[in-house]
Amino acid sequence: MSVPYNHKVIEKKWRENWEKNPVNVNDGKKEKYYCLDMFPYPSGNGLHVGHWRGYVISDVWSRYKMLKGYYIIHPMGWDAFGLPAENYAIKMGVHPAKSTAENVKNIKRQIKEIAAVYDWDMEVNTTDPEFYKWTQWIFVKMFKEGLAYQKEMPINWCPSCKTGLANEEVVNGKCERCGADVTKKNLKQWMLRITKYADRLLDDLDKLDWPEKVKKMQTDWIGKSYGAEVDFPVEGREDKITVYTTRPDTLHGATFMVLAPEHALAKELATEECREAVEKYIYEASMKSNVDRLQDKEKTGVFTGTYAINPLNGAKVPIWLSDYVLADYGTGAIMCVPAHDDRDFEFATKFNIPIIQVIAKDGQQIENMTEAYTEAAGTMINSGEWNGMESSVLKKEAPMMIEKKGIGRKTTNYKLRDWVFSRQRYWGEPIPIVHCPDCGAVPVPEEELPLLLPKVDSYQPTGTGESPLAAIDEWVNTTCPCCGKPAKRETNTMPQWAGSSWYFLRYVDNKNKEELVSKEKAQKYLPVDMYIGGVEHAVLHLLYSRFYTKFLNDIGVVDFDEPFIKLFNQGMITGKNGIKMSKSKGNVVSPDDLVRDYGCDSLRMYELFVGPPELDSEWDDRGIDGVYRFLNRFWNLVMDSKEANVSETKDMLKLRHRMVHDITQRLESFSLNTVISGFMEYTNKFQDIAKKQGGIDKTTLETAVVLLAPFAPHMASELWEALGHEDGIFNQTWPDYDEEAMKDDEIEIAVQLNGKMKTTITVAADVSKEDAIAAGKAALGDKLTGNIIKEIYVPGRIVNIVAK
RNA sequence: GCGGAUGUGGCGGAAUGGCAGACGCAGUAGACUCAAAAUCUACCGGGGGUGACUUCGUGCGGGUUCAAGUCCCGCCAUCCGCACCA
C-alpha cells in the first residue's frame, strides 16, 4: 500500500508552490478568455457555502479554458461603497474606510481558501480614490454629453435609509435594500439619461448569449410599446389634452378620459361645482405611498365637470381624475374605451359611464357586456368610416391615419425611466459638480479628479434630502472652476451601482494613472467572455453596466458596446427546506470547517455535485463524504497502478476515449454535477479492471488526472508529479477523444414486445437490421405469439416487435 | 391577473423520443476488528411469487407514437419575476 491521501499536506504544498509560480501565464497562449465573477460586497459576515459555488463554477471554467490553451483573465475585487459600512459607522463610530478594509482582508482570506486562479495583481476596490477617480470621470463625461442632468421631481424615497432611490431599487413598492415602504419626496436630483439608450439596450439583447429569463426581464423593464398620441380639444378652453394609447383602433369607443391626479391641468379643469371634490382627491392621492396606491384594488376617481371632444367623431367625453393613471408614463392622460380595456371597464361600470363596443367579437355585438373584450381581433363597428375594417390591421394603420388627419401622431413609449443618481448618504463617490450662482452646475475639472470624499464628524443621514457632506462648510464652500467666484459643492453622493457599472473594464489596467483603461489593453483583454453571478441583478447592475459600456463606446474609450458576451446565473444554495441562508435564520454553513476536515478539493467538487449549477440546491453536509471517498479511491487507484506498470489494453483505450468524450461534453454543456458523477463512474470501472489486471496503464491515469485538474487542482497536481512529471499539470492540454476508438465490437440491445421491454441480446455492433430482428425474435421465444404487425430496429438501441 | 421555472425512490439527483432511477447520500446484511471507526462485499421504488419471473410506477387527466419522464392539449402544486405602463 502506498501513501494515503492527505489533503492537509498536499493542499498546503501546492498553495505555496502556486504562490511562487503562478499557473496562469500569458506566454504563447493563442487567445485571451475573460471569465468574471460578480464582485462581492465585503460584508462583515464572511462567506458561506453558497458564495463558494459561484466562485468554484467560474474557477473550474477558467481552468478548463486554460487547459484549452487560453490566457485567462480571472480577477477579483470589491464593491465596497454602500450602506452596511455606513450604518456600522453610525453605530460604532468607526470610519467606513476602516471597517471596509478589515472586511476586505477577511473575505480575501476566505476567498483564497477556494484556491481559484485569481490574478490578485488586478484587484480593484470601488472605494479606492484611484478607482473612483474614474467613476467620477465618467460622470463628468456624461454631464458634458448632456446625459447627466438635474431635475426637481417627486422621487422614490426610502424613509428608513433616508435616501432617494432609482426606479430599479423599488421592489413591490418597497426599498430593495431594507424593505421599508417607499414614499414620494420632491427633491432636486441628478439623473442619468438612460432612456436615450432604451432602443439600443433593447435591440442589442439579441447579440447576447444570456439566459432568456434575464433578457426577458430587461425587455419588460424597458417596456417598449407602439401606439399614438391623440389630441383631445377641451370644451370651452383653448388647450388640448394629449393622451397616449396603444389601441388607436378603438378611438370611436372612447367614452371618457382620465388624467393622473398629478397632471398639470388637473386642478384647472375643475368646474365650480366640482372644485372641492377634485382638490380633495388630488390631495389624498398625494398622501398615498406607492404601496397604498398599489394595494387599492377598487378604482377611485372624481369627475372634473369638464368635457373634452373626441377629435374623430366630435363626441363629448367627460374628463375624470384617477390615480390608476400614472403621471410619469406617456402623457399622464388616457382616453378610456371601457368596451375594450379591463381597467376602463371597471371604472365605467362603477361610475355609470356609457360603454360603446367598437370591435365585434366573432362577428357579433355583445349584449350586456360583463367584461371588456381586449383582443384586437374582429371587425370594426360603431366606428364611422372605419366600420368593416379588421381591428388587428387598423391597430397598426390607425396611428398614420390619425397623423394624416392632424389630430395626433404615431409614437412609441417606454416603461424605462431615467436613472435617479443622487443619494443623500455619506459612503459613496461625491458627485463632482460645483454649483455657481453665475455659471450654474459646473463639473470639477478632469485633472482635479478624484474629488476626495472628506471626513465627517457625523455619518448620520440628515433625512432632509441633504447628505451628511452638507454639514462640512470647509468642503462645501469652494470656488467656481469656471469664473472663480465663491460657489458650493454638490453634496449628494453616487449610488452603489456607479462603481459596479464599469469595474470589469478596470481590472485589466488597474494601475493606469492616465486613462480609465488603455486602448491597447482594452483591445487585448476585453470584453468579458463569461460572466457568472446570481440572477438578482437582472435589471439593476446588468442593465446599468450595459448602459455605461455603450456610453464609453460612444465616447471612444472602448471599441465594443456590450460588456458581457455570455452570462451564467448560478442557482442559490439554501439551507434545509429551501430556506435562504442567513445569520438570523441560523442556517448558515461556513466553508471553513469543511475545508479543514475534507480539504478544498472535496468541497470544490461537492459544490458542483449538489445539483445542476443553474438551479437552487439545498445544502446537506453529509453528501460531501461521497466526493471525499471518491477522491480517496481515485488517489489509491493512481498510486497503486503507478507501481503495477501495466500496459494498455484495447478495452482500456476504449474506456479512456469515452471518458474524455463524456467529461468534455458534459463540461461544455455546463452540466457540472454530471461531470462529477462521470468521474465517479469511470473511476468505479477502472477499479474493477484494476482488480482483474493489477492496475491501469499510465496513459489512462495521466489522462484522467488532467481531466480532474480543473476540479481538484491540488490532488491533480500532486498525482501528476507522482506520475513522474516535473512540468506543472496546468501546462498540459485538455485531451482529445477519437470517436472511432470509442466503438464497441459487440453491443447489448434491448428487445421489446409491443413496446414493453422483455429481454436483452448481444449482437455485433454493425449488425444488419434483419439479423438484429431475427435475434430479437429468437430471444423472445415463446412469448412471441400472434401475427407480427411491425418490426422496428433502432441501430445500437432497441428491437421492437409488434404482434397481435 | 400576466410571464417564467420546477415537479422522478427515504433524500440530492441521472436519462440526443428507445432497457426509468446513472452517480452519490442515508439505510440493511456480511467481511475485517477484542471492539469501534475507516475500508471492502452484497442488497436497496411499490405489489405478487420460494424462484426463473410478473405487474404497477416519473404531480393529475387526456392525446400523438411501434415506443413518452421526454412531444402536444387541459389541469394542479411549489418557487421566482412583473404587476393599474393605457
Side-chain angles (χ1 to χ4, degrees), chain A residues 4 171-173 211-214 216-217 219-221 223-225 227 243-248 250 254 257-258 260 293-294 296-297 299 322-326 328-337 340-344 346-347 374 413-417 535-536 538-539 571-572 574 576 578 606 609-612 614-627 629-630 632-633 636 665-666 669 671 673-684 687 691 748-760 789-803:
Chain A
V171 179
N172 292 326
E212 285 307 316
K213 179 186 171 151
V214 176
K216 177 93 173 49
M217 282 171 73
T219 303
D220 290 347
W221 192 260
K224 185 174 188 176
S225 66
V243 303
Y244 170 71
T245 179
T246 56
R247 294 296 302 277
T250 64
M257 179 183 261
V258 175
R293 214 162 145 159
L294 281 171
D296 285 344
K297 294 224 170 72
K299 297 254 180 302
S322 174
D323 65 3
Y324 83 90
V325 174
L326 305 175
D328 58 351
Y329 179 75
T331 61
I334 60 168
M335 65 173 211
C336 299
V337 185
H340 303 286
D341 181 279
D342 291 327
R343 297 150 300 184
D344 299 347
E346 188 191 332
F347 195 88
T374 56
N413 247 311
Y414 301 88
K415 290 187 193 176
L416 184 70
R417 310 294 148 90
V535 75
E536 64 273 15
V539 288
M572 204 175 25
T574 68
K576 208 74 214 126
Y606 185 54
F609 192 56
V610 280
E614 70 280 7
L615 299 183
D616 293 352
S617 297
E618 279 179 32
W619 188 264
D620 181 355
D621 266 351
R622 288 176 300 185
I624 196 172
D625 284 309
V627 288
R629 285 173 197 146
F630 156 75
N632 273 286
R633 286 203 305 276
N636 291 337
Q665 295 267 302
R666 293 174 189 190
S669 56
S671 180
N673 53 327
T674 63
V675 171
I676 308 301
S677 22
F679 279 122
M680 293 173 175
E681 280 175 65
Y682 281 99
T683 300
N684 291 347
Q687 270 189 318
K691 232 172 267 168
E748 193 191 66
I749 60 175
V751 181
Q752 293 184 340
L753 177 60
N754 296 327
K756 288 193 175 169
M757 155 68 182
K758 291 296 169 193
T759 184
T760 57
I789 299 167
K790 206 161 182 177
E791 294 168 335
I792 289 146
Y793 172 58
V794 181
R797 293 251 176 223
I798 209 158
V799 169
N800 187 12
I801 310 294
V802 185

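Heavy atoms only: backbone and side chains are in, while hydrogens, waters and symmetry mates are out. Letters A, B, ... mirror the listed sequences (proteins, then strands); counts begin at 1.
To the nearest whole angstrom, the two P atoms, one in B:A22 and one in B:C43, are 12 Å apart. Here, B:G9 and B:C32 have their P atoms 38 Å apart, quoted to the whole Å. A distance of about 14 Å separates the P atoms of B:A20 and B:U70, rounded to the whole Å. For the C1' atoms, the distance from B:A26 to B:C34 is 29 Å, rounded to whole Å. Nucleotides B:G4 and B:U58, compared at atom C1', are 22 Å apart to the nearest Å. Only the P atoms considered, B:C71 is 31 Å distant from B:A83, to the nearest whole Å. Using atom C1' as the reference point in both B:G62 and B:C76, the two lie 15 Å apart (nearest Å). Using atom C1' as the reference point in both B:A42 and B:G59, the two lie 34 Å apart (nearest Å).
At whole-Å resolution of the value, CG in A:Asp342 and P in B:C84 are 14 Å apart. One can place CH2 of A:Trp221 at 17 Å from C1' of B:G4, the figure rounded to the nearest angstrom. The CG-C1' distance, from A:Leu615 to B:A5, rounds to 8 Å in whole Å. In this structure, the CD atom of A:Glu618 is 14 Å from the C1' atom of B:G7, given to the nearest Å. Spacing between atom CD of A:Glu614 and atom C1' of B:C79 amounts to 15 Å, rounded to whole angstrom units. In this structure, A:Tyr606 places its OH atom 7 Å from C1' of B:G12, rounding to the nearest Å. To the nearest angstrom, P of B:C84 lies 16 Å from CZ of A:Phe347. The distance between atom CD of A:Glu346 and atom P of B:A86, rounded to the nearest whole Å, is 17 Å.
Position along RNA chain B of the nearest nucleotide to A:Asn754 versus A:Ala333 favours A:Asn754 as the more 5'-ward residue. When the nearest nucleotides of RNA chain B are assigned to A:Gln687 and A:Arg247 by heavy-atom distance, the more 5′-ward of the two goes with A:Gln687.
For A:Trp221, there are no ring-ring contact (aromatic ring centres under 6.0 Å, His included) partners at least two apart in sequence or on another chain. Taking the ring-ring contact (aromatic ring centres under 6.0 Å, His included) definition, one finds that A:Phe609 meets it with nothing, sequence neighbours left out. Residues forming a ring-ring contact (aromatic ring centres under 6.0 Å, His included) with A:Tyr244 (at least two apart in sequence, or on another chain): none. Judged as a ring-ring contact (aromatic ring centres under 6.0 Å, His included), and not counting sequence neighbours, A:Tyr414 has no contacts. Residues satisfying the side chain to side chain donor-acceptor pair (under 3.5 Å) test with A:Lys224, not counting sequence neighbours, are A:Asp199.
With a 3.5 Å ceiling on both atom-pair distances, B:A15 lacks any Watson-Crick or G-U wobble partner. The base-pairing partner of B:C43, taking Watson-Crick or G-U wobble contacts with both distances under 3.5 Å, is B:G27. For B:G81, the paired nucleotide is B:C2, the pair qualifying as Watson-Crick or G-U wobble because both relevant distances are below 3.5 Å. In this structure, B:A37 forms no base pair with any nucleotide, since neither Watson-Crick nor G-U wobble geometry is met with both distances under 3.5 Å. The partner of B:A52, taking Watson-Crick or G-U wobble pairs whose two distances both stay under 3.5 Å, does not exist in any strand shown.
Nucleic acid contact for A:Ser617: none, since no nucleic acid atom lies under 4.0 Å from a heavy atom of the residue. A:Lys576 comes within 4.0 angstrom of nothing in the nucleic acid, heavy atoms only. Using a 4.0 Å heavy-atom distance criterion, A:Lys415 is classed as a base contact.
In this structure, A:Lys299 fails the cation-pi test against A:Phe347, since its NZ or CZ atom is not both closer than 6.0 Å to the six-membered ring centre and inside 45 degrees of the ring normal.
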Go along nucleotides 17-28 of chain B 5' to 3' and tag each nucleotide: B for a protein heavy atom under 4.0 Å from its base, S when only backbone or sugar atoms are that close, - otherwise. -BB--BBSSS--
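Taking 4.5 Å as the limit, every side-chain heavy atom of A:Arg247 sits out of range of all side-chain heavy atoms of A:Val337. Side-chain atoms of A:Glu791 and A:Ile801, non-hydrogen and from C-beta on, do get closer than 4.5 Å to each other.
Between the side chains of A:Asp344 and A:Tyr324, at least one donor-acceptor pair of N or O atoms lies under 3.5 Å.
Side chain of A:Lys758, nearest nucleotide from B:U55, B:C84, B:A86: B:U55.
Phosphate contact (OP1/OP2 of B:C79, side-chain N/O of A:Lys213, threshold under 4.0 Å): absent. Put simply, A:Tyr324 has no side-chain N or O that comes within less than 4.0 Å of OP1 or OP2 on B:A86.
Taking the O4'-C1'-N9-C4 or O4'-C1'-N1-C2 dihedral as appropriate, B:G62 has a value more than 90° from 0 and is therefore anti.
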